[in-house]
Participant: 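My questions will all concern the structure given below.
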Amino acid sequence: MQSFNPPRRILMGPGPSDVHPRILEAMSRPTIGHLDPAFVDMMDEVKSMLQYAYQTENSMTIPVSAPGSAGMESCFVNLIESGDKVIVCRNGVFGGRMMENVLRSGGEAIMVDDNWGEPVDPQKLEDALKANPDTGVVAFVHAETSTGVLSDAKTLSEIAHAHDCLVIADTVTSLGGVELRVDDWGLDAVYSGTQKCLSCTPGLSPATFSEAAVDKIRGRKNAVQSWFLDLNLLMGYWGQNAKRAYHHTAPVNALYGLHEALVMLGEERLESCWERHRYHHLGLRAGLEALGLSLIVDEAYRLPQLNAVGLPEGVDDATVRARLLQQYGLEIGAGLGEMAGRIWRIGLMGESCHQRNVMLCLGALESVLGRTGAIEAASRYYDA
Ligand SMILES: *Cc1c(COP(=O)(O)O)cnc(C)c1O
């Protein structure tokens with residue numbers, strides 16, 4: 001056996017996205033104890049920078065020590081008790097996973113389905129809440145990574161609160177990539193991932209819980225079925241006035257990485273980060289359209305950081321992606337679920353979202369597809 005040296009890649013899929021060298025460097029610093037006073041101070045900084053990223057004052061704002069799926073699970077296992085009715089809005093793969101989480105938490109899932117490629121329809125949520133007045137929680141995905149669709153989190157949350165429900169929102173792909181305001185929009189339990197628009201490595205799930213969510217968790221009749229994800233226990237480790245009791249060993253170096261990613265977000269400022277994603281998305285779009293490729297999601301609710309591109313007639317999905325990887329070291333995503341073989345998913349997330357990547361991707365597609373015009377169109381966009 002020898003040391004593993006990964007090939008050089010440019011990651012333009014649905015995540016992970018490219019990691020900034022500053023973050024990798026931060027992660028290589030010496031490991032210290034997770035109860036070391038210096039580490040505890042760093043944890044406090046991570047919490048306050050996450051509050052900024054989420055635009056929230058929730059004191060229960062922490063990185064769950066596992067990937068986005070664990071953040072998802074922590075929201076569901078903590079908020080849902082046996083027999084609870086939960087409305088799950090599903091317009092792609094991740095809404096389906098939310099349903100699984102409800103069922104495994106002992107809840108009853110009422111599904112509000114929308115077509116893949118469409119946002120969640122607020123009217124359907126309203127109707128479902130009227131038909132199920134005993135619902136306690138509404139869950140939806142803000143940015144559906146399987147289709148590239150943005151749903152109107154603010155409106156969905158308003159409707160849910162008008163029916164006295166708590167809101168669980170998946171913001172794995174939206175955090176850092178598009179506008180997200182947890183407090184203004186009244187989102188109660190929110191989770192994300194570090195490997196998408198935050199330019200960090202995979203493996204942590206920033207999550208935040210409102211006062212109302214924390215009250216519900218504190219007032220549970222039964223203990224949370226997952227010991228590891230039980231927020232009542234985690235509060236003793238991450239909580240404001242907690243004595244930092246040992247719960248599990250924090251992933252020390254991974255947290256150095258997240259800390260650096262959040263410092264960088266603060267330097268760039270959140271609004272500029274959202275704007276950067278929009279700006280390069282338009283550059284990519286100009287080039288894709290010049291190639292005769294179409295974005296399958298309507299402009300009104302299209303995500304800038306995840307571009308779902310219709311597969312052109314007569315082109316083999318796997319062959320193209322394999323050539324991009326071999327010849328350019330470029331990874332783009334395949335379709336997921338019912339979109340498999342029908343779309344490519346080109347991510348412009350975090351550190352992957354730069355002009356040089358847009359140009360590389362367009363040039364690579366020109367050559368692999370044997371078409372022209374993309375570089376020229378994107379150059380015109382950037383020069384304008
Ligand atoms: C990537 C993703 C997840 C899962 O995150 P992991 O870090 O892969 O566990 C959940 N929801 C959405 C919308 C995602 O894009």
Side-chain angles (χ1 to χ4, degrees), residues 11-19 23 50 54 62-77 88-102 104 114 116-120 139-153 156 167-178 180 182 187 189-208 226 228-229 251 254-255 257-258 261 277 297 301-308 331-340 343-350 352-353:
L11 303 179
M12 296 181 73
S17 51
D18 286 343
V19 177
I23 294 168
L50 278 180
Y54 270 132
I62 61 163
V64 175
S65 300
S69 304
M72 177 188 281
E73 191 140 344
S74 73
C75 290
F76 286 91
V77 290
V88 177
C89 305
R90 175 171 56 184
N91 61 337
V93 165
F94 294 99
R97 290 190 180 181
M98 286 179 148
M99 179 189 77
E100 280 295 324
N101 271 278
V102 172
R104 288 171 192 225
D114 277 290
W116 289 39
E118 300 285 330
V120 175
F140 59 81
V141 178
H142 186 208
E144 238 314 336
T145 323
S146 60
T147 60
V149 166
L150 182 70
S151 286
D152 182 352
L156 297 173
V167 172
I168 298 178
D170 177 318
T171 65
V172 176
T173 283
S174 54
L175 182 66
V178 287
L180 169 61
V182 166
L187 309 173
V190 183
Y191 59 92
S192 189
T194 40
Q195 78 275 32
K196 306 215 178 177
C197 296
L198 293 182
S199 313
C200 195
T201 51
L204 293 174
S205 179
T208 184
S226 164
F228 183 65
L229 296 173
L255 286 165
L258 176 58
H277 285 87
V297 172
Y301 39 81
R302 190 182 284 163
L303 285 174
Q305 67 273 49
L306 196 285
N307 296 270
E331 180 183 283
I332 66 168
L336 200 59
E338 61 179 70
M339 292 293 186
I343 59 168
W344 288 315
R345 292 181 299 155
I346 304 182
L348 285 174
M349 298 183 186
S352 294
C353 181

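Counting starts at 1 for both ligands and their atoms, following the listed order. Nothing fancy with the numbering, it's 1 onward along the sequence.
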Participant: At a 4.0 Å threshold, what atoms of ligand 1 neighbour a non-hydrogen atom of Thr173?
Facilitator: 15 (O)
Participant: Tell me, yes or no, whether the heavy-atom count around Arg302 atom CZ, taken from other residues, nucleotides or ligands under 6.0 Å, exceeds 12.
Facilitator: yes
Participant: Could you tell me whether the side chain of Thr171 and the main chain of Ser174 form a donor-acceptor pair under 3.5 Å?
Facilitator: no
Participant: Output the list of atoms in ligand 1 that are nearer than 4.0 Å to some heavy atom of Gly68, sorted by atom number.
Facilitator: 5 (O), 6 (P), 7 (O), 9 (O)
Participant: Tell me whether Ser17 contacts the main-chain N or O of Lys196 through its side chain, where contact means a donor paired with an acceptor under 3.5 Å.
Facilitator: yes
Participant: Are any of the N/O atoms in Arg97 less than 3.5 Å from those in ligand 1?
Facilitator: no
Participant: By number and element, which atoms of ligand 1 are closer than 4.0 Å to a non-hydrogen atom of Ala143?
Facilitator: 13 (C)
Participant: Does Val178 offer a backbone N or O that forms a donor-acceptor pair with the side chain of His277 under 3.5 Å?
Facilitator: no
Participant: Any side-chain heavy-atom pair from Pro202 and Pro16 closer than 4.5 angstrom?
Facilitator: yes
Participant: Around atom 11 (N) of ligand 1, find the nearest protein heavy atom and jot down its residue, atom name and distance.
Facilitator: Asp170 OD2, 2.6 Å
Participant: For atom 15 (O) of ligand 1, tell me which residue out of Val172, Val141, Thr145 has the closest non-hydrogen atom.
Facilitator: Thr145
Participant: Can you tell me which residue and heavy atom of the protein come closest to atom 9 (O) of ligand 1, and the distance to 0.1 Å?
Facilitator: Ser69 OG, 2.5 Å
Participant: Give me the residue, atom name and distance of the protein heavy atom closest to atom 2 (C) of ligand 1.
Facilitator: Lys196 NZ, 2.8 Å
Participant: Using a strict cut-off of 4.0 Å, indicate which atoms of ligand 1 neighbour a heavy atom of Gln195.
Facilitator: 6 (P), 7 (O), 8 (O)
Participant: Tell me which one of Ile23, Leu198, Thr201 satisfies side chain to side chain contact (heavy atoms under 4.5 Å, CB included) with Leu258.
Facilitator: Leu198
